[in-house]
Amino acid sequence: MIQSAVSPGAESQTADLLITSIGAASPQAASVLSQALELPVETVVDALYRAPARLLSGLSGADAARLAEMIAILGVEVAVIPAGETPPRRPTLDLAGELLDPARADEVGRVLGRFLGMDPLAALDLLLTPPGVILGSVTEATVRALEAALPAGATRLTASRPDQARFALFASDLSTLQIGILRPHLPAGALLAPGGAATVFDLERGAADALWRRLKAPERIRVVNQAFLRFSLDLVAAPEDAAVALKALAGVPPEDYALLRGALPVTVEAAIPFDDLSARMAAYAAAGFTVRAEMETFSHVSLDILSARPETLAAAGLPAPAPLSTAPMPRPRASLLRHRLEAAGAEVLLAEAGR
């Protein structure tokens with residue numbers, strides 16, 4: 001698509017060429033444009049993923065229009081603007097994703113791989129590796145282009161401005177010196193877990209980065225944008241007469257309420273974003289329920305495969321025969337494997353690690 005802010009018939013006016021979005025183009029467009037326009041490929045990549053961005057300046061109106069038509073053939077969205085006009089500034093975003101429909105995982109991998117310029121399996125692996133970060137420092141135009149390219153309803157994308165975001169720091173196996181550095185940042189009354197493990201929420205980016213540098217333990221410290229964290233809610237206690245309230249909150253059929261109360265604790269919600277967690281817990285408390293939040297993002301689960309054909313197990317890279325249990329794996333990876341096994345006729349149960 002070509003947009004123009006240069007008046008018609010003004011071919012003699014000096015103009016600039018603006019990338020407004022990567023559009024439907026693949027990353028290979030960067031290499032093509034780099035060679036055709038004799039620009040560093042890094043310059044082109046930056047313009048594509050951080051659009052709107054000026055690609056060329058000081059062109060004649062006719063040359064700018066001609067080049068815009070050529071570039072648009074690649075699927076890139078471009079605009080011709082008056083020379084020297086300042087492109088609108090857009091904040092950069094970090095982007096994470098979740099696979100919602102495992103039946104469309106292969107399609108998602110192909111689309112995402114094409115968009116990122118990588119192997120489809122490697123692209124899908126980004127979604128299966130919590131917290132599912134796909135891209136960093138891109139503009140909203142890139143996010144919208146990816147949303148439009150992905151199969152509708154198959155994924156959920158979360159974009160966050162790192163300059164405004166809050167971060168969580170996860171630490172483990174800290175030394176006495178590192179514990180001393182971290183302790184002033186712990187919430188009031190918080191204790192370090194055995195082995196020097198701690199989690200600190202609601203850090204500004206600068207504070208999180210400073211702590212990460214001071215602790216000097218990249219293999220034991222992880223800083224994550226809280227917008228990318230997901231939680232589940234476990235129902236711990238429930239009054240006898242709250243079946244209607246639980247149906248409104250979690251969709252549990254009233255006829256199942258008595259059975260559920262006899263099986264507590266039971267997970268009633270999953271994949272809750274960090275920013276929504278407090279409100280969801282308050283809603284349950286207001287209805288008389290007691291709930292407990294569990295962070296899903298970095299949890300590992302196993303699969304108990306009760307029955308499966310040998311060829312099904314072999315296709316999944318698992319040893320035969322069933323029954324067998326898999327090693328713990330990240331939850332998104334386990335969910336996809338379970339779907340694929342069950343689609344092939346296997347009987348599978350999810351085994352929560354440490355729950």
Side-chain angles (χ1 to χ4, degrees), residues 1-97 106-127 133-151 157 159:
M1 183 176 68
I2 305 173
Q3 302 169 348
S4 178
V6 178
S7 58
E11 288 84 359
S12 61
Q13 293 182 1
T14 306
D16 293 347
L17 197 59
L18 194 72
I19 301 293
T20 59
S21 171
I22 190 173
S26 71
Q28 283 70 32
S31 176
V32 173
L33 291 175
S34 172
Q35 296 178 34
L37 303 176
E38 297 184 347
L39 291 172
V41 68
E42 295 81 6
T43 299
V44 180
V45 168
D46 188 73
L48 288 173
Y49 286 98
R50 298 182 183 178
R54 185 182 284 107
L55 183 65
L56 292 169
S57 59
L59 304 171
S60 71
D63 285 345
R66 178 175 55 83
L67 286 172
E69 290 179 357
M70 294 172 58
I71 292 171
I73 293 173
L74 298 173
V76 179
E77 297 181 8
V78 293
V80 177
I81 62 173
E85 183 177 288
T86 302
R89 300 285 294 179
R90 296 288 187 268
T92 59
L93 305 166
D94 292 340
L95 183 65
D106 292 336
E107 183 183 359
V108 168
R110 287 193 297 271
V111 172
L112 187 57
R114 181 180 182 276
F115 193 89
L116 299 177
M118 59 195 304
D119 179 81
L121 290 178
L124 180 60
D125 195 58
L126 294 176
L127 297 182
V133 175
I134 300 170
L135 286 165
S137 299
V138 298
T139 53
E140 186 175 354
T142 297
V143 177
R144 299 287 83 83
L146 179 56
E147 282 183 329
L150 287 166
L157 299 181

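A donor-acceptor pair is defined here as one N or O able to donate and one able to accept, closer than 3.5 Å; such a pair exists between the side chain of Asp16 and the backbone of Gly58. Side chain of Thr139 to main chain of Ala51: a donor-acceptor pair is present (N/O by atom type, distance under 3.5 Å, no hydrogens or angles). Side-chain atoms of Arg90 never come within 3.5 Å of backbone atoms of Pro52 as a donor-acceptor pair (strictly under, hydrogens ignored). The backbone N or O of Val138 lies less than 3.5 Å from no partner atom in the side chain of Thr92, so there is not a single donor-acceptor pair.
To the nearest 0.5 Å, atom CG of residue Asp46 and atom CG of residue Leu39 are 12.0 Å apart. Summarising the geometry, atom CD belonging to Glu77 is positioned 10.0 Å from atom CD1 belonging to Ile22; distances are rounded to the nearest 0.5 Å. Rounding to the nearest 0.5 Å gives a distance of 6.0 Å between CG of Leu150 and CG of Leu157. Rounding to the nearest 0.5 angstrom, the gap separating the CZ atom in Arg114 from the CG atom in Leu112 is 12.0 Å. Put simply, CG on Leu18 and CG on Leu55 are 9.0 Å apart, with the number rounded to the nearest 0.5 Å. Atom CG of Leu67 is separated from atom CG of Leu17 by 6.5 Å, given to the nearest 0.5 angstrom.
Residues Asp119 and Leu121 come closest through the heavy atom pair OD2-N, 2.9 Å. Summarising the geometry of Val78 relative to Thr20, their closest heavy-atom pair is N-OG1, 3.8 Å, with the distance given to 0.1 Å. Considering every non-hydrogen atom in both Ser34 and Val41, the closest pair reads OG-N, 3.4 Å. For the pair Gly61 and Ala15, the tightest heavy-atom approach, listed with the atom from each and the gap, is CA-CB, 4.3 Å. In terms of heavy atoms, Tyr49 sits closest to Phe115 at OH-O, 3.0 Å.
The closest side-chain heavy-atom distance from Val80 to Leu59 is not below 4.5 Å. A heavy-atom distance below 4.5 Å is not found between the side chains of Pro120 and Asp106. In this structure the side chain of Ile19 reaches within 4.5 angstrom of the side chain of Val76, judged on heavy atoms. Annotation: side chain of Thr142 is not in contact with side chain of Leu48 (no heavy-atom distance under 4.5 Å). Leu95 has its side chain out of reach of Leu93: every pair of non-hydrogen atoms, C-beta onward, lies at least 4.5 Å apart. For the pair Asp94 and Val133, the minimum side-chain heavy-atom distance is 4.5 Å or more.
The pair Arg66-Glu69 does not meet the salt-bridge criterion, since no charged nitrogen lies less than 4.0 angstrom from a carboxylate oxygen.
The environment of CD in Glu140 is sparse: at most 12 heavy-atom neighbours from other residues, nucleotides or ligands sit within 6.0 Å.
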